[in-house]
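Report on the structure given below.
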Amino acid sequence: MKRILSVQDISCVGKCSLTVALPIISAMGVETGILPTALLSVHTMFEHYTFLDLTDEMPKISEAWKQEMLDFDAIYTGYLGSVRQMNIVQKVFEDYKKEDGLILIDPVLGDNGKLYKGFDQAFADEMAKLCSKADVILPNMTEASYMLHIPYVKEDYDEAYVRDVLKKLSGIGAKNVAITGISFEEDKIGVMAYDAEHDRYFSYFNRKIESFFHGTGDIFASTVMGALMNGFDLEESLRVAVDYTLECIRLTTENPNRRIYGVDFEDAIPYLIDRIGKTQCQNRKGGI
Ligand code: PXL
């Protein structure tokens with residue numbers, strides 16, 4: 001069984017970061033070790049929350065693992081709380097990335113043209129530096145814009161524009177870049193990606209359900225990680241993630257008792273397992 005390391009916060013309630021990464025990646029048959037960055041009562045989109053910074057604990061945990069000779073097939077980072085944490089994560093990459101290992105960074109910075117609470121441009125600049133170490137990065141357009149210092153364009157773009165942004169992002173140094181939440185048609189949404197090594201673009205879209213739910217980026221990234229560890233190539237992993245995220249949103253919008261703060265990704269887990277099983281035979285090339 002593959003084992004990955006996920007570095008992000010624990011938001012005790014709110015369906016984001018580790019509380020979605022763990023169940024989703026586990027459901028895909030992959031073991032997940034965690035390096036928690038912070039402990040919050042709820043995520044920062046709520047009005048009131050507690051925040052316990054775990055930065056000091058992170059290097060201690062990482063050092064302690066060395067004594068146990070632990071290793072990981074991939075490292076997946078999400079919400080990070082400070083520049084100091086990014087430096088620690090860089091060291092974790094140096095210590096734990098295997099030769100054939102994979103680094104996936106979801107550069108969690110913001111959405112809808114705005115940075116999340118507590119983040120500023122300097123933080124986005126550091127995130128861009130961290131992204132240079134990644135095999136795959138999964139920003140949305142807001143995060144891409146902040147990392148590149150370009151104006152945020154909300155859907156009023158064309159394919160040439162997104163290709164240009166992808167190429168600029170790959171200039172930061174990440175091997176594969178995929179921008180999430182791309183929409184050229186009113187009723188379609190999906191992902192556009194660029195593989196720098198092969199100078200190849202890829203896109204995939206599915207139905208758009210008009211809604212806004214928190215945590216869908218974390219669901220998307222966790223699914224990509226799980227699919228890659230199941231031996232799918234990046235294109236198929238992105239397709240699975242688009243389809244599963246859509247299924248989560250579809251089921252949530254149909255649920256009159258839904259939570260306001262996140263999607264019912266749990267209800268769509270049978271879909272994900274079924275989808276992974278069906279795709280296995282045709283698309284398992286192994287590695288990205
Ligand atoms: O879903 C991204 C995320 C993760 N963790 C925390 C957050 C957010 C976004 O706001 O606040 C704590």
Side-chain angles (χ1 to χ4, degrees), residues 4-25 32 34-55 57-58 75-86 88-89 104-121 123-124 126-128 130-131 134 136-147 152 178-181 189 191 211-226 241-242 244-246 248-249 252 258-266 268:
I4 72 131
L5 172 63
S6 184
V7 188
Q8 45 189 324
D9 67 280
I10 302 173
S11 289
C12 298
V13 176
K15 301 201 196 204
C16 73
S17 39
L18 284 175
T19 60
V20 310
L22 276 166
I24 290 173
I25 300 169
T32 310
I34 62 168
L35 185 55
T37 56
L39 179 68
L40 294 87
S41 53
V42 287
H43 57 63
T44 63
M45 302 298 275
F46 283 81
E47 209 181 324
H48 309 286
Y49 55 88
T50 64
F51 187 102
L52 175 67
D53 186 349
L54 296 175
T55 309
E57 204 59 25
M58 290 170 66
I75 304 169
Y76 155 36
T77 72
Y79 183 97
L80 304 173
S82 64
V83 170
R84 212 182 119 214
Q85 276 187 4
M86 286 196 254
I88 293 168
V89 168
L104 182 146
I105 297 181
D106 181 7
V108 177
L109 294 170
D111 209 354
N112 287 314
K114 290 206 183 90
L115 293 174
Y116 293 132
K117 277 179 218 162
F119 294 166
D120 57 14
Q121 183 61 55
F123 185 79
E126 287 301 317
M127 186 63 90
L130 191 67
C131 283
V136 182
I137 62 170
L138 301 172
N140 58 31
M141 223 11 148
T142 302
E143 292 155 347
S145 305
Y146 272 97
M147 288 198 291
Y152 169 69
I179 304 180
T180 59
I189 191 160
V191 65
S211 62
F212 178 76
F213 289 110
H214 194 72
T216 49
D218 300 342
I219 289 169
F220 188 92
S222 303
T223 311
V224 172
M225 182 79 269
V242 167
Y244 174 59
T245 307
L246 169 65
C248 293
I249 294 170
T252 308
R258 62 181 169 265
R259 312 272 188 224
I260 48 149
Y261 50 72
V263 293
D264 297 340
F265 73 90
E266 301 90 340

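What you see is a predicted model; the values in this text were computed from it and never measured. Starting from 1, each residue takes its place in the sequence as its number. Counting convention: from 1, in listed order, for ligands and their atoms alike.
- Counting the atoms of ligand 1 from 1 in the order shown, those under 4.0 Å from a heavy atom of V108 are 2 (C).
- Residue L40 approaches ligand 1 through these ligand atoms, each under 4.0 Å from one of its heavy atoms: 12 (C).
- Here the shortest heavy-atom pairing between F51 and A38 reads CZ-CB, 3.7 Å.
- Nearest heavy-atom pair, L18 versus I34, reported as atom, atom and distance to 0.1 Å: CD2-CG2, 3.6 Å.
- Put simply, the side chain of Y152 does not reach to within 4.5 Å of the side chain of Y146, judged on heavy atoms.
- Of the N or O atoms in Y79, none lie within a sub-3.5 Å distance of an N or O in ligand 1.
- Relative ring orientation between F119 and Y79 is described as tilted, the plane-to-plane angle lying within the 30° to 60° band.
- For the pair T44 and ligand 1, the shortest N or O to N or O distance falls below 3.5 Å.
- The closest approach between a heavy atom of S17 and any atom of ligand 1 is below 4.0 Å.
- Aromatic ring pairs are classed by plane angle as parallel below 30°, tilted from 30° to 60° and perpendicular above 60°; the pair F46 and Y261 is tilted.
- In terms of protein heavy-atom proximity, atom 1 (O) of ligand 1 is closest to D218 OD2, 2.7 Å.
- For a threshold of 3.5 Å applied to N or O pairs, the pair formed by D9 and ligand 1 contains at least one separation below that value.
- Contact atoms of ligand 1 toward C16: 1 (O), 4 (C), 5 (N) (distance under 4.0 Å to a heavy atom of the residue).
- In this structure the side chain of V89 reaches within 4.5 angstrom of the side chain of M58, judged on heavy atoms.
- Counting only non-hydrogen atoms, the option in K15, H43, M45, H214 that gets closest to atom 9 (C) of ligand 1 is H214.
- In this structure, the side chain to side chain donor-acceptor pair (under 3.5 Å) partners of S17, at least two apart in sequence or on a different chain, are D9.
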